[in-house]
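So you know, we letter chains A, B, ... as the sequences are listed, proteins then strands, and number each from 1. What's counted below: heavy atoms across the whole structure, side chains too, no hydrogens, waters or symmetry copies.
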Amino acid sequence: MTENTQQQHDSVPELPTQYAPAEVEGPLYERWVERGYFTADATSDKKPYTIVIPPPNVTGSLHLGHAFQHTLMDALTRRKRMQGYEALWLPGMDHAGIATQNKVEQQLAEEGKSRHDLGREAFVDRVWQWKEEYGGKILGQMRRLGDGVDWSRERFTMDEGLSKAVQTIFKKLYDDELIYRAERIINWCPRCLTAISDIEVEYQEDDGELVSIRYGEGDESLVVATTRAETMLGDTAVAVHPEDERYAHLVGKQIKLPLTDRTIPVVADTHVDPEFGTGAVKVTPAHDPNDFAIGQRHDLPSMTVMDERGVITVHGPFLGLDRFEARSAIVGALREQGRIVAEKRPYVHSVGHCSRCSTTVEPRLSMQWWVKVGPLAQAAGDAVRDGRVKIHPEDMSKRYFDWVDNMHDWCISRQLWWGHRIPVWYGPEGQVVCVGPDEEPPSGEGWHQDTDVLDTWFSSGLWPFSTLGWPEKTPDLAKFYATDVLLTGHDIIFFWVARMMMFGLYAMDGVAPFHTIALTGLVRDERGKKMSKSFGNVVDPLDWMDQYGSDAVRFTLAKGANPGTDVPIGEDWVQASRNFANKIWNATRFALMNGATVEGELPAAERLSATDRWILSRLNATVAEVDAYYEDYQFAKVSDALYHFAWDEVFDWYVELSKTTFMGGGEQAKVSARVLGEVLDVTLKLLHPIVPFVTEALWTTLTGKESLVVAEWPKDGGFRDAAAEAEIENLQQVITEVRRFRADQGLQPGQRVPARLGLSGTALAAHEGAIRQLLRLQPAGEEFQATANLTIGGATVALDLSGTIDVEAERKRLAKALAAAEKEKSQATAKLGNEAFLAKAAEAAVEKIRTRLAKAEADIERISAQLAALPGA
RNA sequence: GGGCGCAUAGCUCAGCGGUAGAGCGCCGCUCUUACAAAGCGGAUGUCGGCGGUUCAAAUCCGUCUGUGCCCACCA
């Protein structure tokens, strides 16, 4: 080691031999926040780059799905920040109406109370109290992950500004007649006691029972089939197909409804499928959406037979029974009367369940508020159709169109207490007044506000602009709207993405809320199975972060992020990523020990060794590659490219090849130290958006500069050196082949072998030191006897194994190589003998084959000679 | 009932018209200016089946099988 590098060595801070993320990560994050790196400036001249976080539920805690999406969003914003954008990643939480209300109701239940014991106002206070105490656990976890969000702009969907936004847009939609109130069949959850929208219903195949019941008497009777016998109490007709001759004589007649003293008409409706069941359908307008539609067409009365808890309200033997008890009781009663003509059980059919509590949904006739989605959805579809908004990956756009082009009106009122209360007042004489945010609600005798609140997704639909201050014309809104990328799971395209598109276009004068929708898959376990509590395979990312570091978790997730596809993750993989972080750590340690530096100009190309030029050429190519992948949201490819470049090319080959140079000292060592510094500088920058902690710790040590968070993103300087790349590839081949030979000969890795190298006339001459070093080859002494001669890529390596050469092993090795080369030759020859191929294939393809052939022929000649030269041949 | 996707090494996945790849796992040998959480070397595939297009198919088309997801007012 030269004096100079020794000096630098002494001045370098000591790094431990293992990276300890737990000690590094926390303090770094706090420092970033304190220095305001993540705080965006609405007044800056820089171009904005904005991402709003999909607001996690206030009740939520960080799961791998969040960790995954956050890693990607963080990587995007960190890179853009480094590229000189005014980057804003805006955090916040969703009040999560039903989920939160359920949580607090549970808490109350433990005290033996219900929300009704408290009353509305006190209950809502209690929820706020809960939020302060337990809510937002996820925010702390986001810090652990390293999320570079702007905490000064944190928002909550129930905060004052956002509530104002909700009221403003409600009023605007109401005035534009895009919000209306109507009595319809809605999905009702008898446990949550509220209406829910269509997409909050999850259908699953349940075992049911299809019973066929005879309605009417004698000639004037027919058989209907149903899985929901309890609703028959509310039947107000039977429907048949108009062209169904079996029932033509009954259409228009009244028949007796069993178990009641009512008669109901038989109506003809084309909705009925004559092929299905008996071709006759009982019609219960108040408890089934299809029946409701039939009822509308035939002007049938609606008869509600259940209350909001699903309890029968019809006087008689079934009064007070729960809907499922009533079902069996009614079937039993009908059986006694001999009216059950057929039963089929189990009968598997699709049944709707509440997505919040899994209770079977009860379709129910009720008065609710609706958004008329037609024009809004049209605009939302058009924005994607005409390319103003792009969906990644593209095939997901089909799903988006399926939805927006077929959307039903959206039921937005919820019979809950926690949420944005509907800003409508009703007067004593039936007046209905929608009140804007700056207006006084009507007061006086008989006036009262609607008691319902809005669907949670109503306020989250405003998120990309409400969080920036809308409806006020704030500097933030001007600077950061429209946002750039919306990154979220494909599972909430309908819940959230489509709604933001509708509201954004509507409220912001046709400007879409983002130009790109990047959809991610879902995180799964290492066997590709969905993570769920019932499988017991749910992993808390915090555990892994504690054990392996946040960077390891982040890198693993990014490496799995193939566009739109699900991401499997297992602990082994996190370990592998931790190993990678450790590798980066140690490579940098090595560099520091050898005086790597970023000080001073990078030496001109003429002063660089081929090894230096090779790595710089590869470095620049990698910058270009990584940028291209980032622009295409190919995070897996970004990570993969960096992993291999860093580990294989820089940490293995370049570092190993440079060791001789460093040991040699002198001018060349100084040059390489500068090159290694450069390579590390750029590599750490490239890695930083994905693994921010370890890179920050190392980079600040390496450069002595303030922070990588605000460092400049590398640019492809355009430096390429094909000759150097070819030369180093050749060098790698020589080394690999000799190593293989050594391994075949059973030589131990460290064992030194006398060797004579024939490199003159090849570009490899300059690498003799490295070759000898990496292959443990000693100079040939007086007694040197070449017992093995290897020829690789124009170089010859003669080794003296002092008679210990394992001729059999060598013969086997060579025979194998010869067979491979001969196969290669015959393949290439066949190809080149193919007229059609020569005529039609691209010139480059043909040239490639020719090169292969030439190489194969040379190999055959060489290997044959070596075989012949073997003792005893 | 419609729509979309996927089947490639033991596992999880890239590749998507011109010599089958990665990570993990597996088998050897090694403390060698950083790193054993490492290094070096090695083994492993009728690219789901069958047909077709092409000079050339894991890659394009058809079909079958298996599998996953989404949508739907399946009485």
Side-chain angles (χ1 to χ4, degrees), chain A residues 1 15 17-19 185 198-199 203 210 224-228 239 271-273 276-284 288-293 348-350 363 395-396 398-399 402-403 406 408 490-491 493-494 522 524-528 530 548 556 559-560 562 564-570 572-573 575-594 636-637 640 643-644 651-652 655-656 659 662-663 735-736 739-744 746-751 773-774 776 823-824 827-828 831 834-842 844-846 848-849 852:
Chain A
M1 208 172 267
L15 294 177
T17 62
Q18 280 195 356
Y19 172 51
I185 293 278
D198 291 349
I199 48 174
Y203 287 90
L210 185 70
V224 300
T226 182
T227 53
R228 299 180 59 219
H271 167 77
V272 179
D273 175 6
F276 189 95
T278 60
V281 188
K282 63 190 272 308
V283 180
T284 324
D288 183 279
N290 288 322
D291 295 4
F292 182 74
V348 179
H349 63 142
S350 181
D395 32 303
M396 280 288 175
K398 185 154 179 18
R399 240 149 97 175
D402 281 350
W403 170 256
N406 300 296
H408 295 257
H490 62 69
D491 54 330
I493 297 176
F494 311 141
L522 275 21
R524 295 175 171 270
D525 75 5
E526 71 271 25
R527 316 209 50 180
K530 193 170 169 172
Y548 304 111
T556 309
K559 204 156 186 289
N562 288 117
T565 61
D566 290 344
V567 186
I569 185 170
D572 285 357
W573 308 345
Q575 266 173 32
S577 299
R578 180 269 318 260
N579 296 354
F580 180 48
N582 193 233
K583 187 75 185 177
I584 301 170
W585 181 265
N586 274 294
T588 308
R589 265 185 80 217
F590 171 85
L592 292 169
M593 285 165 58
N594 284 286
K637 299 236 166 90
D640 203 55
Y643 181 88
H644 284 111
F651 303 158
D652 276 349
V655 163
E656 292 301 329
K659 278 181 180 171
F662 288 130
M663 281 187 290
I735 290 169
T736 305
R739 274 175 176 162
R740 192 174 298 145
F741 170 80
R742 291 184 53 121
D744 288 344
L747 294 176
Q748 300 204 324
Q751 186 177 333
Q773 161 75 13
L774 292 183
R776 315 283 133 178
K823 187 178 164 198
E824 185 75 7
Q827 279 179 356
K831 201 116 199 196
N834 184 333
E835 295 294 331
F837 169 68
L838 294 176
K840 295 190 184 179
V846 178
K848 236 168 131 181
I849 307 287
R852 267 170 63 191

Looking at [options], which one has an atom nearest to any side-chain atom of [X]?
X	options	result
A:N562	B:rC13, B:rG18, B:rU30	B:rC13
A:K840	B:rC35, B:rA14, B:rC55	B:rC55
A:H349	B:rA34, B:rG41, B:rA75	B:rA75
A:T226	B:rA75, B:rA34, B:rA14	B:rA75
A:V281	B:rC74, B:rU32, B:rA75	B:rA75
A:F276	B:rA75, B:rA22, B:rC35	B:rA75
A:V272	B:rA75, B:rA37, B:rU30	B:rA75

>> Test your reading of the model: is there a side-chain donor-acceptor pair from A:N586 to the backbone of A:T17, 3.5 Å cut-off?
In response: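 Looks like yes, one N/O pair under 3.5 Å.
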> Just how far, in rounded Å, is P of B:rC35 from CE of A:M593?
Replying inline: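 Rounded to the whole Å, the gap is 7 Å.
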> Of the options A:Y548, A:W573, A:Y643, A:W585, which is the one that meets A:F580 in a ring-ring contact (aromatic ring centres under 6.0 Å, His included)?
Replying inline: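 The single option meeting the ring-ring contact (aromatic ring centres under 6.0 Å, His included) with A:F580 is A:Y643.
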> Distance between the C1' atoms of B:rG21 and B:rG45, in whole angstroms?
Replying inline: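 Going atom to atom, C1' in each nucleotide, I get 11 Å.
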>> As an exercise, state the distance from CD1 of A:I569 to CZ of A:R524, rounded to the nearest 0.5 Å.
In response: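 CZ of A:R524 is found 14.0 Å from CD1 of A:I569.
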>> Between the base of B:rA37 and the side chain of A:Q18, is there a donor and acceptor pair under 3.5 angstrom?
In response: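 Check passes, donor-acceptor contact within cut-off.
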